[in-house]
Amino acid sequence: MAQASTLRTRLALVAILVLGFALRLYGIHDPIIDHPGWRQGDEAAIARNFAQLQDDPLSPQTDYDGPPPNYVELELQIVPFAAAQLYRAFGVHEIFARLIVVAFSLGTIVLLYFFGRELFGRRAGLIAALCYAIAPGAVYYGRTITPDSDMVFFLTGTLLFWWRWSRSDTRSDFWLATAFGALAWVAKPPALLALAPIVAVLLAMRGRKALGSWQPYAFLALTLAPFYLYFHHESAIAEWHWAEGITSQHVLPQLVAELTKPSALWTGLQGAFALLRMLGSTILGPALFGLTAVAGFALPRDDRSRARAWLFGAWAAGLAAYTVVVVNVERVDYYLLPWLPFAALLVAGAVDNVIERLGAPATSARTNVVACIGIGTAIFIITYSNMLQIHGYYTWSRPVYAAATELDRVLDPDCLIVMGHLDPSVLYTIGRKGWEEDPLSWNVHDQTSAIAKGACYYVAIEIPRLRANAALYHFLQRYRRVPVASGWQVYDMRHFARRPMARGAGSASRPQPAAAPSPRRSSPVPGTPRSSTPAGAPHLGAHRRR
């Protein structure tokens, strides 16, 4: 009987994994100019540069701001580095990176099953795995080239093995928790919010005497030391200080304002509550969001209730603080992904308890079939509803992709370019390195400096915005246009345009532009939008979000 139950559980988990895998394969071959193109463009470029320039996980490079190297201060690039090893063997194909992300997402499904089983039982583990498998945020971002899915994987593993170690004091669980924690913090710093439930679980299960043990301090030292060393190294070599810039120039100033000004605190709280709509649509989905709101009232009462209450209470507090302090500044939905494992486990415990209380009376085979059909129908409806929430994210511009790939074919392969638009995914698709700049703030001085550094082409994407910059627009008219099928304008900086000779004047050579200091960045503040696309121009993305 026990063997049959175990077999059914394993088959159910396999079925959930197959469902999750199938959902994540949707759009797997799409270009990386789908949502979020900004983030994917950077990650994909870093992976390609690992494969083609410097195969060093401690030296991530983007494609913009001039000739390489262009080191950037970001979290440890786990997915790009793993993808780069496959690129080196099989060529650059972005599907490798996406499949690695899918593997992390499926791994989280498995971890949530074991976590749910530890907290409540096998059935709850399966429910938690199912919730994560079909949640819209887990589905969509479980196949994008972004660091959030691997961060959630390591965060979930950290809490799972810490719970197991706190309960049973098994040495292997402690070291697994430490390994997962060290990788979680460097995978993306928001994972540090897990420290709140980690401390809470330790005190709930072992009391104050746990503070006299060496393990908690060893855990902190062994997980935080790699975090500090990695980001210290990145800060020392990076030209683009994204992590430090977002924290020091955005998050901390708003936090200080909210703590010192009641009006700023009220505004911040209003903004945080507005994020609930985002959380309930593209991340959790309406069904999981609604169940999460009431699940706390339906959790089971047993000998582990107190420890679970500390876990979920501290976890919720950490998530809420993170949402108010960080996500309220960087208002993109994938920053809310750490809510997913919390919601899946909380709902799993509540639903399992309700099923247990209702009991399982003896039923006929026909009744069992009807029940299975009903459950399957409910799963289908919820999954379909969730996919509708994120349907727009799969949209990408075919004209933009065609224009970018055309330039990849016609431009000289070893030339740097200046792209008059802010979107790393488009620069990546063009397949060139150089500069991506706002055409309204990029000036002649900047352009001549870029030419002196090796820029061969200026690619004008936002034509109205370029024409509004009269000095730069007239300067570019000196140069020969590269014929392209799209509406973009490409100027070859190596050749002057042929113009009719003035009547009665002899031919005269035009002077070459003089070299100038290195071009200034059009936005000194990392993490903020540097331009907005005017009406009528291709909408390729307007914000750089980390």
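- The structure places CG of Leu276 at 8.5 Å from OG1 of Thr323, a figure rounded to the nearest 0.5 Å.
- When atom types are taken as modelled, the side chain of Thr178 and the backbone of Phe174 share a donor-acceptor pair closer than 3.5 angstrom.
- Although no hydrogens or angles enter the test, the distance criterion places a donor-acceptor pair under 3.5 Å between the side chain of Thr158 and the main chain of Gly181.
- Residues Leu159 and Leu155 are in side-chain contact: their nearest non-hydrogen atoms beyond the backbone lie under 4.5 Å apart.
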From CA spacing to verdict: side chain to side chain contact (heavy atoms under 4.5 Å, CB included), Val426, Met419: CA-CA 9 Å; Val426 178; Met419 186 182 76; 3.8 Å; yes
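- The two atoms that bring Ser425 and Gly37 nearest to each other are CB-O, 3.2 Å, heavy atoms only.
- For the atom pair CD (Glu234) and CG (Leu229), the distance works out to 11.5 Å, reported to the nearest 0.5 Å.
- Side-chain atoms of Thr62 and Tyr71, non-hydrogen and from C-beta on, never get closer than 4.5 Å to each other.
- Centroid-to-centroid, the aromatic rings of Tyr394 and Tyr140 come within less than 6.0 Å.
- Taking 4.5 Å as the limit, some side-chain heavy atom of Asp55 sits within range of a side-chain heavy atom of Gln85.
- Here the straight-line distance linking atom NE2 of His233 with atom OH of Tyr230 works out to 7.5 Å at 0.5 Å rounding.
- With contacts defined as side-chain heavy-atom distances shorter than 4.5 Å, the pair Gln52/Val92 qualifies.
- Side chain to side chain, Asp333 and Tyr141 meet the donor-acceptor criterion of an N or O pair below 3.5 Å.
- Taking both residues in full, the closest heavy atoms of Leu345 and Ala128 are given as CD2-CB, 3.9 Å, listed atom of the first, atom of the second, then distance.
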task: Could you give me the CA-CA distance, side-chain angles and deciding distance for Val186 and Glu75, then say whether side chain to side chain contact (heavy atoms under 4.5 Å, CB included) is met?
output: CA-CA 6 Å; Val186 294; Glu75 59 279 326; over 6 Å; no
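- Counting heavy atoms from C-beta on, the side chains of Arg39 and Pro147 come closer than 4.5 Å.
- A cation-pi arrangement is present between Arg398 and Trp396 under the rule of less than 6.0 angstrom and at most 45 degrees off the ring axis.
- Between Met151 and Ala184 the shortest heavy-atom distance is CG-O, 4.3 Å.
- Side-chain atoms of Asn386 come within 3.5 Å of backbone N or O of Ile134 as a donor-acceptor pair.
- When atom types are taken as modelled, the side chain of Arg24 and the backbone of Ala133 share a donor-acceptor pair closer than 3.5 angstrom.
- Distance check: Gln77 CD to Asp42 CG gives 8.5 Å after rounding to the nearest 0.5 Å.
- The minimum heavy-atom distance linking Pro338 with Trp315 is given by the pair O-NE1, 4.4 Å.
- No more than 12 heavy atoms of other residues, nucleotides or ligands sit less than 6.0 Å from atom OH of Tyr401.
- For the residue pair Asp169/Trp165, the side-chain donor-acceptor check at 3.5 Å is satisfied.
- Here the CZ atom belonging to Arg409 is positioned 5.0 Å from the OG1 atom belonging to Thr405, to the nearest 0.5 angstrom.
- Less than 6.0 angstrom separates the ring centroid of Phe104 from the ring centroid of Phe154.
- Residues Tyr428 and Glu94 bring a donor and an acceptor atom of their side chains to less than 3.5 Å of each other.
- Under the 30°/60° scheme for interplanar angles, the aromatic rings of Phe219 and Trp185 are found to stand perpendicular.
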task: Please report the C-alpha distance between Leu279 and Leu275 in whole Å, then the side-chain angles of each, then the deciding distance to 0.1 Å, and finally whether the side chain to side chain contact (heavy atoms under 4.5 Å, CB included) criterion is met.
output: CA-CA 6 Å; Leu279 179 65; Leu275 292 172; 6.0 Å; no
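- Interatomic distance, Ile109 CD1 to Leu126 CG, rounded to the nearest 0.5 Å: 12.0 Å.
- Pairs engaging residues 306-315 under the salt bridge (charged side-chain N to carboxylate O under 4.0 Å, His left out) rule: Asp302-Arg308 [sequence neighbours left out].
- Looking at heavy atoms from C-beta onward, Leu299 lies in side-chain contact with Phe120 at the 4.5 angstrom threshold.
- Looking at every heavy atom in both residues, Ala238 comes nearest to Glu73 through CB-N, 3.4 Å.
- Residues Asp148 and Tyr335 bring no donor and acceptor atom of their side chains to less than 3.5 Å of each other.
- A salt bridge is defined here as a Lys NZ or Arg NE, NH1 or NH2 lying under 4.0 Å from an Asp or Glu carboxylate O, and Asp34 with Arg143 meets this definition.
- In this pair, Phe342 and Phe312 present their aromatic rings perpendicular. The plane angle is above 60°, beyond the 30 to 60° band.
- Across all non-hydrogen atoms, the minimal contact from Ala272 to Arg331 is N-NH1, 4.5 Å.
- In this model, no donor atom of one side chain and acceptor atom of the other lie less than 3.5 Å apart for Asn70 and Asp63.
- The closest side-chain donor-acceptor pair between Arg98 and Gln40 falls under 3.5 angstrom.
- Looking only at atom types and distance, the side chain of Ser172 has no donor-acceptor partner in the side chain of Thr170 under 3.5 Å away.
- Here the two rings, on Phe180 and Trp162, have centers that are 6.0 Å apart or farther.
- Taking the side chain as every heavy atom from C-beta outward, Phe231 and Pro189 approach each other to under 4.5 Å.
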query: Yes or no on salt bridge (charged side-chain N to carboxylate O under 4.0 Å, His left out) for Asp408 and Arg432, after CA distance, side-chain angles and deciding distance?
result: CA-CA 8 Å; Asp408 189 20; Arg432 301 295 184 275; 2.9 Å; yes
- request: Just do the side chain to side chain contact (heavy atoms under 4.5 Å, CB included) check on Leu195 and Leu192 with the steps written out, would you?
  value: CA-CA 6 Å; Leu195 289 175; Leu192 287 166; 4.1 Å; yes
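- Glu43 contributes no side-chain N or O that, together with a main-chain N or O of Thr146, makes up a donor-acceptor pair within less than 3.5 Å.
- Checked by atom type and distance alone, the side chain of Ser385 never pairs as donor or acceptor with a backbone atom of Ile381 at under 3.5 Å.
- Gln61 has its side chain out of reach of Ile46: every pair of non-hydrogen atoms, C-beta onward, lies at least 4.5 Å apart.
- The main-chain N or O of Thr395 is never found under 3.5 Å from a side-chain atom of His35 such that the two would form a donor-acceptor pair.
- Among residue pairs with one or both ends in residues 113-131, those qualifying as side-chain hydrogen bond (donor to acceptor under 3.5 Å, both in side chains) are Thr6-Arg122, Glu118-Arg167, Arg123-Asp352, Arg123-Glu356; sequence neighbours excluded.
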